[in-house]
Amino acid sequence: MPQTKKQEIVYTVMMVCVMVYGMVAYNIVLNTGSLENWVFGAVFHEWPIMVLIAIALELIFVGRLAMKVAFRLVN
């Protein structure tokens, strides 16, 4: 897990990029009904804006909420 703020930001960016790519690809496959090679390229039409939104939400809201829930469950 990240120890410094810089590490947290780098970790967040890496995880968000991978997760958004997978989720957008999954949504395209659900809408078209088939997994074909063109899907992997089509993801990049929506990917940049979704990554920016996801990073902002993660750094502002979700990270703090997840930390509170995790520590509540552990204690």
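Fair warning: this is a prediction, and the values are worked out from it, not measured in the lab. Numbers here are sequence positions counted from 1.
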Next on the checklist: So which atom in Y21 and which in F40 form the shortest heavy-atom distance, rounded to 0.1 Å?
Outcome noted: OH-O, 3.0 Å
Checklist outcome for this item: Of all heavy-atom pairs linking V39 and S34, the shortest is CG2-O, 4.2 Å
Next on the checklist: Just to verify, what does Y26 make a side chain to side chain contact (heavy atoms under 4.5 Å, CB included) with, not counting sequence neighbours?
Outcome noted: L30
Item to check | Residues in side chain to side chain contact (heavy atoms under 4.5 Å, CB included) contact with F71, at least two apart in sequence or another chain | outcome: M67
Item to check | Member of V20, V18, V13 meeting the side-chain contact (heavy atoms from CB on, under 4.5 Å) criterion with V16 | outcome: V20
Are [X] and [Y] joined in one hydrophobic group, where the rule is that I, L, V, M, F, W and Y side chains link up if heavy atoms are under 4.5 Å apart?
X: V24; Y: L57; result: yes
X: L59; Y: L65; result: no
X: V69; Y: V62; result: no
X: L35; Y: W47; result: yes

Separation of [Y] [atom2] from [X] [atom1] (nearest 0.5 Å):
X: I28; Y: H45; atom1: CD1; atom2: NE2; result: 8.5 Å
X: M14; Y: I9; atom1: CE; atom2: CD1; result: 13.0 Å
X: M15; Y: I55; atom1: CE; atom2: CD1; result: 12.0 Å
X: Y11; Y: T4; atom1: OH; atom2: OG1; result: 14.0 Å

Item to check | Over 12 foreign heavy atoms within 6.0 Å of CZ, F61 | outcome: no
Checklist entry - Under the 4.5 Å side-chain heavy-atom rule for ILVMFWY, direct or indirect, which residues accompany M23? => result M19
